[in-house]
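The structure is given below, and queries will be raised subsequently.
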Amino acid sequence: MDDLVVIGAGPYGLSIAAHAAAAGLGVRVVGRPMASWRDHMPEGMYLKSEPWSSNLSAPGGRHTLAEYCATRGLSAEHGSPLPIATFSAYGLWFARHAGLPEVEEDTVTEVTPHGDGFLVHTAGGPPRPARTVAVAVGVMPFTRYPDALRDLPPGHCSHSTGHGDLTRFAGREVAVLGAGQAALETAALLAEAGARPCLVARRSRLNWNTVPQPLDRPLLRALRDPHSGLGTGWRSWVWSELPWAVRRLPAPTRERIAATALGPAGAWWLRDRFERRVPTLLGHRLHRAVPVAGGRTRLGLTTAAGESVVLDTAHVIAATGFAPDLARLELLDAGLRAALATVGDGGTPELSPGFESSWPGLFFAGLLTAPSFGPSMRFVHGAGFTAGRLVKGVLGRLGARGPLTGTTDGAGPDRAAAAGHPKTYLR
C-alpha cells in the first residue's frame, strides 16, 4: 500500500512527489511528465513568467531552473523570455534528479474509497491501494469553450491547447477567440506560420504587460513597486507570497479574487510581433457559430453598440482558458465527488491549510485550489507554496490514522468522516 499516490506529473505533481520522497513517504507518481507543456503548446511558444519565478519545488530550494540552464549553457535571465521547450526539458530533468521515484506513464481512470484509504485504478494495470491521494492533474481536464461553439461538428473548432504544430493552418483563415496570452501568442504564431489569423475578443482593448523593472533598484522604488513571482506591485505580491492569508478570507471574496485577479494580458515581448501581423475585432461578442459549405464556419458577432457582424473562417481556435469544476474530474468516484465540501457554487473543493479536502486523505493541488488559496495556484510559482504544505498535511493525516495494523471490510468513510470527522479504522 502506497502512503501517497500523486495523480499528475506536471510542476505541481513533481514538486509534491519530491517533498514526499524527502519526508520518507512511500510515494507513487502516475502521469506523463510535463504533459501539458510537451504535448499541448505550439512549437515556438515562450514562458510568460520570469525564469526565477518558474522553479519546481524541492526541499532546500534545490534543482532550480537556473541550475538546469547553467549545466547546459542556456540563459535564464530576468527580462529574457524562456522557450517552453526549455522549461519542459527542465521538468524532465527535475524528475530525474530531485529524488522522487520514477514516474509511471499511465492514466488514472478512477479513484474509489477503500477502507480509510483509496483504490487507484489505472488503464495499464490492476488497482492499487493508497492511504492518501493528491490530485494534481493540471488544467487539461478543464478546458473552456464558448457556449456558441459547442454544437459545431468536429473539425470546425478546437482549443488552443490542442495544437503542438500550427503549420497545418498555413494559407488558411483562423479566428482566434480570447484576449489573454494564449490567444495573443497563438495568433502571432499562426501568422508567422503562414496562416491568416484574426483575433476576436469581447474586450474593447488589449492589455499588455510592461517591460519588467530591474531586480536591483533603489530601495524606495523597490518598496513602492515590489517584485513578486506574479509580477510587480503590492497586489501581485500579496497573491504571490501570502496564499495562506487569502484562504482566511470569506469564500465569496476568495472566489471573486480567483476569478478576476491577474486578468488577461499579453507579455511585453509579444506585442510588436502581434500588432504587426494580426488584425483584431475587439469589443465583439460571439453569439452564434454555424457550419457552412466547404467545411468553413460562420461566426455571428455583436458589437458593444449592438451591431451585427458576420465572420466566415476556415477554423476557430478557442483560446478561452480553463474553468475549474469538480464535475469534470471524472477520475474521482461520483459518490466521493458528491460528498466533498465545496467553495461557493460547488465547482471547487474547500481545503484545509494543508490542501486536504473534506474527505480525509484526499488532497488537491493546482487550478482547483485557486478559490481557496488565490490566483498564484494558476501558475507554476504556486507549486513552491503548495508542495511542502501539502506533504505536511499528508504526514498529519497518516499520523492521525496510526500504523498499519490489519484490514478493513472495504467500506469508505461516511459523510461525517467526509466532513472532517474520520472514523477510526484498523488496517
Arg328, CZ: over 12 other non-hydrogen atoms inside 6.0 angstrom |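 Atom CZ in Arg328 is packed in, count exceeds 12.
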Side-chain contact test, heavy atoms from C-beta onward, threshold under 4.5 Å: evaluate it for Arg254 versus Phe373 and give yes or no.
->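 Counting from C-beta outward, Arg254 and Phe373 never come under 4.5 Å.
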Centroid separation Tyr46 to Phe87 less than 6.0 Å =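 No; Phe87 has its ring centre 6.0 Å or more from that of Tyr46.
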Is atom CZ of Arg150 surrounded by more than 12 heavy atoms (other residues, nucleotides or ligands) closer than 6.0 Å?
->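 Count over threshold, so yes.
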Heavy-atom neighbours of Arg273 CZ exceed 12 at 6.0 Å =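 Atom CZ in Arg273 is packed in, count exceeds 12.
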Beyond-backbone contact of Arg128 with Asp2, side-chain heavy atoms, under 4.5 angstrom |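 When only atoms from C-beta onward are counted, Asp2 and Arg128 do touch, with a gap below 4.5 Å.
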Could you please spell out the steps behind the side chain to side chain donor-acceptor pair (under 3.5 Å) verdict for His315 and Thr297?
-> CA-CA 7 Å; His315 191 78; Thr297 302; over 6 Å; no
Evaluate salt bridge (Lys or Arg N to Asp or Glu O under 4.0 Å) for Glu67 paired with Arg62, printing each intermediate quantity in order.
-> CA-CA 8 Å; Glu67 181 183 342; Arg62 295 174 290 118; over 6 Å; no
Between Tyr90 and His97, is the gap from one ring center to the other below 6.0 Å?
->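 Centroid distance Tyr90-His97: not below 6.0 Å, so no.
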Residues, nucleotides or ligands: over 12 heavy atoms within 6.0 Å of Arg217 CZ |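 Counting other residues, nucleotides and ligands, CZ of Arg217 exceeds 12 neighbours.
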Asp333 side-chain N/O to Gly335 backbone N/O, donor-acceptor pair under 3.5 Å =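 Yes; judged by distance alone, with no hydrogens or angles, the pair exists.
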Say whether, by atom type as modelled, one donor and one acceptor occur between the side chain of Ser80 and the main chain of Glu77 under 3.5 angstrom.
->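 No, because the side chain of Ser80 does not come within donor-acceptor range (under 3.5 Å) of the backbone of Glu77.
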Is the distance between the ring centroids of His227 and His78 less than 6.0 Å?
->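 They qualify: ring centres under 6.0 Å apart.
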The single option from Ile317, Thr186, Val139, Thr143 passing side chain to side chain contact (heavy atoms under 4.5 Å, CB included) against Thr161 =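 Single pass found, and it is Thr143.
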Heavy-atom check, side chain of Thr342 versus side chain of Leu326, under 4.5 Å |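 The answer is yes, as the side chains (C-beta and beyond) meet within the 4.5 Å cut-off.
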Heavy-atom side-chain proximity of Trp234 to Ser228 below 4.5 angstrom |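 With C-beta onward as the side chain, the pair stays apart.
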Going by heavy atoms in the side chains, are Pro127 and Val120 under 4.5 Å from each other?
->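 Not touching, per the 4.5 Å side-chain cut-off.
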Strictly under 6.0 Å, is that where the ring centroids of Trp208 and Phe274 end up?
->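 For Trp208 and Phe274, the ring centres are under 6.0 Å apart.
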Check: Leu286 and Val200 side chains under 4.5 Å, non-hydrogen atoms =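 When only atoms from C-beta onward are counted, Leu286 and Val200 do not touch, as no gap falls below 4.5 Å.
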Does atom CD of Glu105 have more than 12 heavy-atom neighbours from other groups under 6.0 Å away?
->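 Result for CD/Glu105: enclosed.
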Do you know which two heavy atoms are closest between Ser240 and Pro243, and how far apart they sit?
->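 Looking at all heavy atoms of both residues, the shortest contact is O-CD, 3.8 Å.
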Heavy-atom side-chain proximity of Val6 to Leu4 below 4.5 angstrom |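 Answer yes - side chains close enough.
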To the nearest 0.5 Å, what is the distance between CG (Asp225) and OG1 (Thr232)?
->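 The distance works out to 4.0 Å.
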Identify the heavy atoms of Leu189 and Gly44 that sit nearest to each other, and give their distance.
->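 Of all heavy-atom pairs spanning Leu189 and Gly44, the closest is CD2-O, 4.0 Å.
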For Arg38, does the CZ atom sit with more than 12 other heavy atoms under 6.0 Å from it, leaving out its own atoms?
->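 Counting other residues, nucleotides and ligands, CZ of Arg38 exceeds 12 neighbours.
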How long is the gap from CZ on Phe118 to CG on Leu362, to the nearest 0.5 Å?
->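 Rounded to the nearest 0.5 Å, the CZ-CG separation comes out at 5.0 Å.
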Is the closest side-chain heavy-atom distance between Met377 and Phe355 below 4.5 Å?
->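 Yes, at least one pair of side-chain atoms sits under 4.5 Å.
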Centres of the Phe169 and His163 rings: under 6.0 Å?
->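 Yes, the ring of Phe169 comes within the 6.0 Å limit of the ring of His163, centre to centre.
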So, the side chain of Ser53 versus the backbone of Glu50: is there a donor-acceptor pair under 3.5 Å, distance only?
->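 Yes.
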